[in-house]
Protein chains: 2
Amino acid sequence: MPEGNFYKKPCTNPNKNFRGATRELARYAKAMGHPARIKILRFLSQAEFCYTGDFVEVLPMAQSTVSQHLKELKDAGLIIANEQPPRVKYCINHEVWERAKWLFYEFFDMLDKPDQDRTTEQ
Amino acid sequence: MPEGNFYKKPCTNPNKNFRGATRELARYAKAMGHPARIKILRFLSQAEFCYTGDFVEVLPMAQSTVSQHLKELKDAGLIIANEQPPRVKYCINHEVWERAKWLFYEFFDMLDKPDQDRTTEQ
DNA sequence: GTGAATTATCGTATATTTGCAATGAATTTT
DNA sequence: AAAATTCATTGCAAATATACGATAATTCAC
């Protein structure tokens, strides 16, 4: 790097400059951005609840990796973990699920209703 | 690493072992997994078409970064680029948009209709 | 108490993502 | 033709994501 060139360290935090529904929708989309996590959610939505081992049986990856994906979905709020040692019971977080559902619906309806009131936009 | 420990190089390709609608949905979700890309899509869906510069004006990031996000949306198929040098015109890819919309709708309806026929599942 | 079962976490390796500045290519303006 | 405009691409740095094996913590069975 040449003398006097003050390289500005880039900020790689995607959410830093975004707010509201845009940020929220992106958060849920990101959590759904891996096929394993989609499959977990599909599986869960049909089973009422599942243990970690149930997912491990179904997914083509190591137990530790499955656990990591479960953590991401939990962090996004889409699922809830209920400790029943030594097992952990997972289920859909219905409240958040409905919120995400609504955000996606509203988002995709944009093209159909171009002039509707968008109170949730950033 | 100890002698005789054959470390298996992990494969970090998320799509390797997944197929069908699960993979497809994750693809669109991932493309939507950044607030800037959500905002681009929102913006586009209300403007019929936009040039790159329109997005740069609106988004809190450098032109090169915006260009990168546009490329990701284009690679996912959600938008179409139309070269009109020196400018580039972007618009929604309606066919893919409707496909993504349908996939998300079907996905989120899972909880409401637990016993419906799921012909698109992996 | 010992051992099996279950699962999160840690350590590590690799790949991808995010961001910016700088550059190059193509067109338009002057 | 020279300069300005527009935008993708390249090069680089930092952060995050993905994956695995190993380990630790916890309960249950014996």
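The shown structure was predicted, so the numbers you read here are calculated from the model rather than taken from an experiment. Order of the sequence lines fixes the chain letters, A, B, ..., with proteins taken first and strands second; residue numbering starts at 1 for each chain.
No close placement of the B/F104 and B/Y28 rings is indicated, their centers lying 6.0 Å or farther apart.
Between A/E72 atom CD and C/dT9 atom C1' the separation is 15 Å, expressed in whole Å. Between the NE2 atom of A/H34 and the C1' atom of D/dA17 there is a distance of 9 Å, given to the nearest Å. Spacing between atom CG of A/L73 and atom C1' of C/dA8 amounts to 15 Å, rounded to whole angstrom units. One can place CG of B/N82 at 16 Å from C1' of C/dT27, the figure rounded to the nearest angstrom. Residue A/Y51 contributes atom OH, which lies 9 Å from atom P of C/dT7 at whole-angstrom precision. With rounding to whole Å, A/Q63 atom CD is found 14 Å from C/dC10 atom P. Taking atom CD on A/Q84 and atom C1' on D/dC28, their separation rounds to 14 Å, with Å as the unit. B/N15 places its CG atom 16 Å from the P atom of D/dA17, with the value rounded to the nearest Å.
Closest approach to the A/S67 side chain among D/dC20, C/dT18, C/dA8 is made by C/dA8 (side chain taken as heavy atoms from C-beta onward). Side chain of B/A62, nearest nucleotide from C/dA8, C/dA21, D/dT9: C/dA21. Side-chain proximity of A/P86 to C/dT9, C/dT18, D/dT26: nearest is D/dT26. Checking C/dG19, D/dC20, C/dA8 against the side-chain heavy atoms of A/M61 singles out D/dC20 as nearest.
As judged by a 4.0 angstrom heavy-atom cut-off over every strand, B/K30 is placed among residues touching the sugar-phosphate backbone only. Note on B/Y90: only backbone sugar-phosphate atoms sit closer than 4.0 angstrom, heavy atoms only; bases stay farther off. Across all strands, B/T65 comes closer than 4.0 Å to base atoms (heavy-atom distances). Using a 4.0 Å heavy-atom cutoff across all strands shown, A/S64 reaches at least one base atom of the nucleic acid.
In this model, the phosphate group of C/dT17 is not approached by any side-chain N or O of B/H69 to a distance below 4.0 Å at OP1 or OP2. Not one side-chain nitrogen or oxygen of A/R87 sits closer than 4.0 Å to the OP1 or OP2 atom of D/dT26.
Both B/E83 and B/Q68 lie near DNA chain D, and the one whose nearest nucleotide falls closer to the 5' end is B/E83.
Hydrophobic cluster membership for B/F49: B/Y51 (Ile, Leu, Val, Met, Phe, Trp, Tyr linked by side-chain heavy atoms under 4.5 Å, directly or transitively).
A/Q84 CD: more than 12 foreign heavy atoms inside a 6.0 Å radius.
Here the side chains of A/F55 and A/H69 are not in contact, with every heavy-atom distance at 4.5 Å or above.
With rounding to the nearest 0.5 angstrom, the CD1 atom of B/I40 is 9.0 Å from the NE2 atom of B/H34.
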